[in-house]
Amino acid sequence: MKYKIVFFGVKKSTISLLKRFKDDVNLIITVDDKVRDECHISGDGDVYKYAKENGIECYSVSDYTLKSCEDFFMDNEFDIGICYGWQRIIPESILKRFKYGVFGTHASPLGLPYGKGRSPLNWSIIRGFNQVFFNLFKYEPKADSGMIYSTIKFEINKWDTIKSIKMKDLIVTRNQVLKLIDDYKNNEINLYPQRDDIEETFFLKRSSKDGKINLNSSCEEIYDLIRAVSKPFPGAFLMYGNSKLLVWDAVPFDNQLDFSDYKLGEIIEFIDGNFILKLVDGTLLVKNFECEKKLKKGIILK
């Protein structure tokens with residue numbers, strides 16, 4: 001069997017992209033429910049169900065690495081692959097089965113090869129960058145190292161959260177994948193190398209424990225962490241005794257009012273279901289949170 005355009009993905013964002021290209025796609029590759037649970041894949045979205053509802057052939061694998069699925073790829077032919085919401089390296093033997101290659105996206109706050117690795121959008125916010133360079137590139141066996149098809153810059157403003165940044169990422173992805181598919185159909189795909197004037201660096205994988213708020217950090221740093229790991233990610237948190245206080249939405253409140261009598265991490269006041277938290281260089285207004293214990297004025301969070 002020959003498949004011309006193949007999509008790889010396991011997330012709700014994959015479905016969002018597929019909706020734009022469902023008439024072009026010949027095959028979708030995703031994972032089964034067991035793999036989703038075992039790999040703790042964040043975000044919802046049943047890609048297999050979407051494929052079946054829209055009459056698109058779907059190959060659902062029980063091995064996220066694809067190493068045990070090589071027979072399928074050896075027995076069929078493929079033109080071009082597009083990955084979105086697929087967070088594993090694709091084996092070289094499978095990449096070679098695609099005539100024009102497999103393409104994926106990677107965001108970098110300075111442009112590749114800076115900021116390779118995991119969770120680049122989250123890290124870009126956490127590190128205080130005000131821009132992202134979106135890259136659509138051809139996959140190679142080594143992560144995030146392939147030739148570039150296109151690079152588009154968009155901003156990270158002070159009101160962005162990871163949710164709004166992912167919206168921007170999706171908009172750019174749709175536009176660039178459309179161009180890629182058009183160029184594929186016209187046999188005009190042009191690539192260029194990654195930059196050689198910046199250092200290659202790698203972001204590490206983030207886990208739920210990395211959301212712990214360090215109260216010795218500045219208000220701005222804490223604000224950046226909160227908005228970088230809000231839903232659909234596990235969230236930033238503080239501890240109230242043995243209970244975790246998840247902070248989903250908060251903004252810097254004030255650093256001019258005199259709150260010097262309050263201790264670091266103390267809840268200064270509750271107003272309309274929000275609370276004001278004392279920090280080292282100001283205060284934070286916490287607007288959306290979860291905690292098993294009932295919070296009250298005067299308690300100290302750690």
Side-chain angles (χ1 to χ4, degrees), residues 4-31 41-47 50-51 54 56 79-90 95 98 100-112 114-125 129 131-140 143-157 160-185 188-192 194 203 228 232-233:
K4 292 185 176 181
I5 300 177
V6 181
F7 269 55
F8 295 75
V10 302
K11 293 189 172 187
K12 186 177 181 179
S13 57
T14 307
I15 297 174
S16 296
L17 186 64
L18 281 167
K19 288 178 179 178
R20 175 62 182 82
F21 300 102
K22 64 182 181 180
D23 294 333
D24 294 301
V25 179
N26 306 124
L27 175 68
I28 299 171
I29 297 171
T30 190
V31 297
I41 295 172
S42 63
D44 55 0
D46 190 334
V47 176
Y50 176 83
N54 288 274
I56 306 172
D79 270 2
I80 190 169
I82 296 166
C83 290
Y84 195 66
W86 183 274
Q87 296 176 311
R88 292 294 185 275
I89 294 174
I90 297 177
L95 293 176
F98 287 78
Y100 295 91
V102 177
F103 291 79
T105 68
H106 189 84
S108 165
L110 295 179
L112 289 173
Y114 181 93
K116 296 180 178 182
R118 303 296 293 273
S119 308
L121 291 173
N122 309 79
W123 280 114
S124 296
I125 300 173
F129 286 98
Q131 79 283 316
V132 164
F133 291 87
F134 167 95
N135 303 279
L136 181 59
F137 68 102
K138 185 177 179 180
Y139 277 15
E140 297 291 343
D144 306 327
S145 297
M147 298 279 282
I148 303 292
Y149 171 76
S150 65
T151 300
I152 303 294
K153 180 181 176 181
F154 60 86
E155 74 168 343
I156 301 174
N157 62 53
D160 275 319
T161 66
I162 188 60
K163 185 175 182 179
S164 61
I165 289 297
K166 289 176 74 66
M167 290 178 184
K168 297 179 185 183
D169 184 88
L170 177 60
I171 290 170
V172 176
T173 300
R174 285 173 177 165
N175 292 338
Q176 296 309 302
V177 169
L178 176 61
K179 292 180 180 179
L180 176 65
I181 290 176
D182 285 344
D183 284 348
Y184 151 71
K185 291 177 179 178
E188 295 179 346
I189 297 176
N190 296 308
L191 305 175
Y192 58 91
Q194 295 185 15
F203 288 133
F233 292 90

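All values below come from the heavy atoms of this structure, side chains included, with hydrogens, waters and symmetry mates left out. Every value quoted in this text rests on a predicted model; they were computed, and no experiment measured them.
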Just so I know, are the side chains of [X] and [Y] near enough to count as touching, which here means a heavy-atom distance under 4.5 Å?
X      : Y      : answer
Val10  : Trp86  : yes
Phe103 : Ser150 : no
Lys168 : Phe134 : no

Does a side chain donor of either Asp183 or Tyr100 reach within less than 3.5 Å of an acceptor in the other side chain?
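Result is no, nothing qualifies.
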
Examine the side chains of Ser16 and Tyr84 and answer whether a donor and an acceptor come within less than 3.5 Å of each other.
no

Parallel, tilted or perpendicular, judged at 30° and 60°: which one describes the rings of Trp123 and Phe203?
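Parallel, since the angle between the ring planes stays under 30°.
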
Rounded to the nearest 0.5 Å, what separation is found between the OG1 atom of Thr173 and the CG atom of Leu180?
11.5 Å

Between CZ of Phe137 and OG1 of Thr105, what distance do you get to the nearest 0.5 Å?
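Rounded to the nearest 0.5 Å, the CZ-OG1 separation comes to 7.5 Å.
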
May I ask you to decide if [Y]'s main-chain N or O and [X]'s side chain share a donor-acceptor pair within less than 3.5 Å?
X      : Y      : result
Gln131 : Pro109 : yes
Gln87  : Arg118 : no
Asp160 : Asn157 : yes
Ser108 : Tyr114 : yes

Inspect the surroundings of NZ in Lys22 and state if more than 12 heavy atoms from other residues, nucleotides or ligands are less than 6.0 Å away.
no

